[in-house]
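This chain uses plain numbering: 1 for the first residue, then up along the sequence.
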Amino acid sequence: MAKPPTKSSAPGSPPTANAMWGGRFASGPAAVMAAINTSLDVDKRLAAEDVEGSLAHAEMLGAQGIVPQADVTSIIDGLKKIQNELAAGSFPFRPEMEDIHMNVEARLAELIGDAAGRLHTARSRNDQVATDFRLWVRRQIDAIDRGLQELQRALIDKAEAEAATIMPGFTHLQTAQPVTFGHHLLAYVEMLGRDRSRFKDARQRLNESPLGAAALAGTSFPIDRHRTAMALEFTAPMANSLDAVADRDFAIEFLAAASICAMHMSRFAEEIVLWCSAQFQFIRLSDAFTTGSSIMPQKRNPDAAELSRAKIGRILGAFTGLLTVMKGLPLTYSKDMQEDKASTFDAAD
């Protein structure tokens with residue numbers, strides 16, 4: 001007979017069995033398997049969202065009488081302490097715990113003891129990560145919208161100041177008809193308005209809660225999915241539990257909107273590069289956004305614009321990459337989907 005799995009291992013060695021799912025395993029994964037399986041370095045960015053979702057789930061478990069209220073109170077107190085640790089940068093991330101969900105639950109157990117184990121009642125990491133990721137993307141969309149609105153205002157202010165400044169309009173990069181600089185800048189205000197609209201549409205579609213779908217087919221516990229959806233400011237629970245854990249359309253759509261927006265940024269950056277060149281001499285960039293040359297002191301290189309022009313490569317790459325990850329996956333969850341976050345985080349940055 002195989003020896004029963006152990007819950008811990010010697011310092012520095014790979015764990016012999018995972019405390020979350022190791023009940024039927026007599027030994028732990030190979031070192032290389034442990035290395036490729038862990039996602040903590042990436043998904044720890046979901047820590048705040050993970051705690052937020054856990055607070056809503058714990059409160060619901062208590063309200064439904066699934067978990068004793070005394071345990072719920074301990075869980076909520078412990079989660080709020082974890083929130084404070086995350087805000088202070090003192091949360092003790094443990095690499096041996098493979099993801100952010102296990103890190104939060106392990107820390108909760110250290111803080112409140114056995115009651116922490118009740119938090120996972122009626123919940124799987126499948127619906128948990130789907131919820132966390134939606135919350136994170138929703139926040140990114142809100143932040144991006146604020147940034148785009150600020151950029152529109154800056155362009156409008158400049159357009160008003162330059163409303164009578166004549167410049168050539170171009171087709172084929174050849175001088176065509178006279179326009180004003182203000183008119184030219186307002187074209188980008190329109191593009192950014194469409195970008196904001198696309199992000200708004202994506203936010204509306206993503207704003208449904210996967211929580212309660214559990215691994216894929218729900219749970220026999222009498223949970224209240226509408227309660228957790230409302231607590232997390234989702235419009236409603238997702239209608240189909242299989243779709244709830246398998247869907248990453250919301251991230252793909254976010255990356256599609258980001259790619260189009262980055263394309264507009266790239267076009268504007270290219271205009272800046274042209275306008276400040278010796279051949280055009282339409283504008284002069286400040287020292288804050290140019291660099292020099294170690295061998296040609298007369299140079300004023302528009303590096304900020306050039307770097308902005310290039311960023312679409314990574315953002316469009318993230319969009320294409322996630323489409324490729326998802327294109328052949330059967331329902332519902334597959335570990336391939338662990339690759340959904342790193343490129344999305346990078347693109348948002």
Side-chain angles (χ1 to χ4, degrees), residues 41-46 133-134 136-159 170 173 184-203 206 248-277 279-280 282-293 299-327 338-349:
D41 285 348
V42 173
D43 64 29
K44 65 184 179 182
R45 289 187 64 168
L46 298 176
F133 199 17
R134 281 174 185 264
W136 190 91
V137 171
R138 190 174 71 183
R139 284 201 172 104
Q140 295 305 303
I141 289 175
D142 291 345
I144 288 169
D145 184 72
R146 290 191 294 270
L148 291 175
Q149 185 179 47
E150 185 178 348
L151 179 54
Q152 283 182 304
R153 287 184 182 133
L155 289 169
I156 290 169
D157 288 346
K158 180 62 72 174
F170 297 91
L173 205 58
H184 195 112
L185 292 177
L186 289 175
Y188 286 98
V189 174
E190 296 298 316
M191 296 181 207
L192 296 175
R194 293 193 295 273
D195 290 328
R196 292 181 66 194
S197 177
R198 274 183 283 270
F199 280 117
K200 181 180 179 181
D201 288 346
R203 190 192 192 282
L206 76 77
R248 292 298 183 270
D249 288 3
F250 66 93
I252 294 169
E253 190 168 6
F254 168 71
L255 292 172
S259 296
I260 297 171
C261 184
M263 176 268 293
H264 290 148
M265 297 292 110
S266 185
R267 294 184 73 177
F268 186 52
E270 169 63 4
E271 302 235 62
I272 291 173
V273 171
L274 291 172
W275 291 343
C276 70
S277 69
Q279 290 75 17
F280 279 72
F282 287 179
I283 65 172
R284 179 181 175 87
L285 294 179
S286 71
D287 291 351
F289 296 99
T290 54
T291 64
S293 167
K299 296 287 294 298
R300 290 177 59 84
N301 300 323
D303 282 12
E306 291 171 354
L307 289 166
S308 298
R309 182 176 61 185
K311 294 300 180 187
I312 186 174
R314 280 163 62 182
I315 297 171
L316 180 59
F319 170 59
T320 305
L322 186 51
L323 275 177
T324 304
V325 167
M326 297 300 297
K327 71 172 182 61
Q338 188 166 290
E339 292 297 314
D340 59 356
K341 287 175 283 296
S343 58
T344 305
F345 292 162
D346 183 65
D349 291 342

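For the atom pair OG of Ser277 and CG of Asn301, the computed distance is 12.0 Å after rounding to the nearest 0.5 Å. We find the OG-CG distance between Ser308 and Asp303 to be 10.5 Å, quoted to the nearest 0.5 Å. The CZ atom of Phe254 lies 6.0 Å from the CD atom of Gln140; values are rounded to the nearest 0.5 Å. In this structure, the separation between CZ on Arg139 and CD1 on Ile141 is 12.5 Å, given to the nearest 0.5 Å. Atom CE of residue Met326 and atom CG of residue Asp340 lie 7.5 Å apart, to the nearest 0.5 angstrom.
Checking side-chain atoms of Ser197 against main-chain N and O of Gly193 turns up no donor-acceptor pair under 3.5 Å. Judged purely by atom type and a 3.5 angstrom limit, Arg134 uses its side chain to pair as donor or acceptor with the backbone of Leu206. The backbone N or O of Gly317 lies less than 3.5 Å from no partner atom in the side chain of Thr320, so there is not a single donor-acceptor pair. Counting only distance, with no hydrogens or angles, the side chain of Arg300 and the backbone of Leu285 share a donor-acceptor pair below 3.5 Å. The closest donor-acceptor contact from the side chain of Ser259 to the backbone of Leu255 lies under 3.5 Å.
Nearest heavy-atom pair, Leu185 versus Ala159, reported as atom, atom and distance to 0.1 Å: CD1-N, 4.0 Å. Of all heavy-atom pairs spanning Thr290 and Ser286, the tightest one is OG1-O, 3.2 Å. Listed here is the closest heavy atom pair of Phe345 and Val42: CE1-O, 3.2 Å.
Residues Phe133 and Arg248 are in side-chain contact: their nearest non-hydrogen atoms beyond the backbone lie under 4.5 Å apart. Under the 4.5 Å side-chain criterion, counting only non-hydrogen atoms from C-beta, Leu322 is in contact with Thr344.
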Exercise for the section: Check the pair Arg203 / Asp145 against side-chain contact (heavy atoms from CB on, under 4.5 Å), numbers first and verdict last. Expected result: CA-CA 11 Å; Arg203 190 192 192 282; Asp145 184 72; over 6 Å; no
Handout entry: Residues Leu192, Met265; criterion side-chain contact (heavy atoms from CB on, under 4.5 Å); working and verdict
Key = CA-CA 9 Å; Leu192 296 175; Met265 297 292 110; 3.1 Å; yes
Exercise for the section: Decide side-chain contact (heavy atoms from CB on, under 4.5 Å) for Met191 and Arg194; before the verdict, give the C-alpha distance in whole Å, the side-chain angles of both, and the deciding distance to 0.1 Å. Expected result: CA-CA 5 Å; Met191 296 181 207; Arg194 293 193 295 273; 3.5 Å; yes
Handout entry: Test log, rule side-chain contact (heavy atoms from CB on, under 4.5 Å), inputs Leu186 and Leu155
Key = CA-CA 7 Å; Leu186 289 175; Leu155 289 169; over 6 Å; no
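In this structure, Tyr188 and Phe268 have tilted ring planes: the angle between them lies in the 30° to 60° band. Using the six-membered ring where Trp is involved, Trp275 and His184 have ring planes that are perpendicular, over 60° apart on the 30 and 60° scheme. Using the six-membered ring where Trp is involved, Phe280 and Phe170 have ring planes that are tilted, between 30° and 60° apart.
Partners of His264 under the ring pair (Phe, Tyr, Trp, His ring centres under 6.0 Å) rule, at least two apart in sequence or in another chain, do not exist in this structure. Every residue two or more places apart in sequence or in another chain was checked for a ring pair (Phe, Tyr, Trp, His ring centres under 6.0 Å) with Phe289, and none qualifies.
Between Arg198 and Asp195 there is a salt bridge, with a side-chain nitrogen of the basic residue lying less than 4.0 Å from a carboxylate oxygen of the acidic one.
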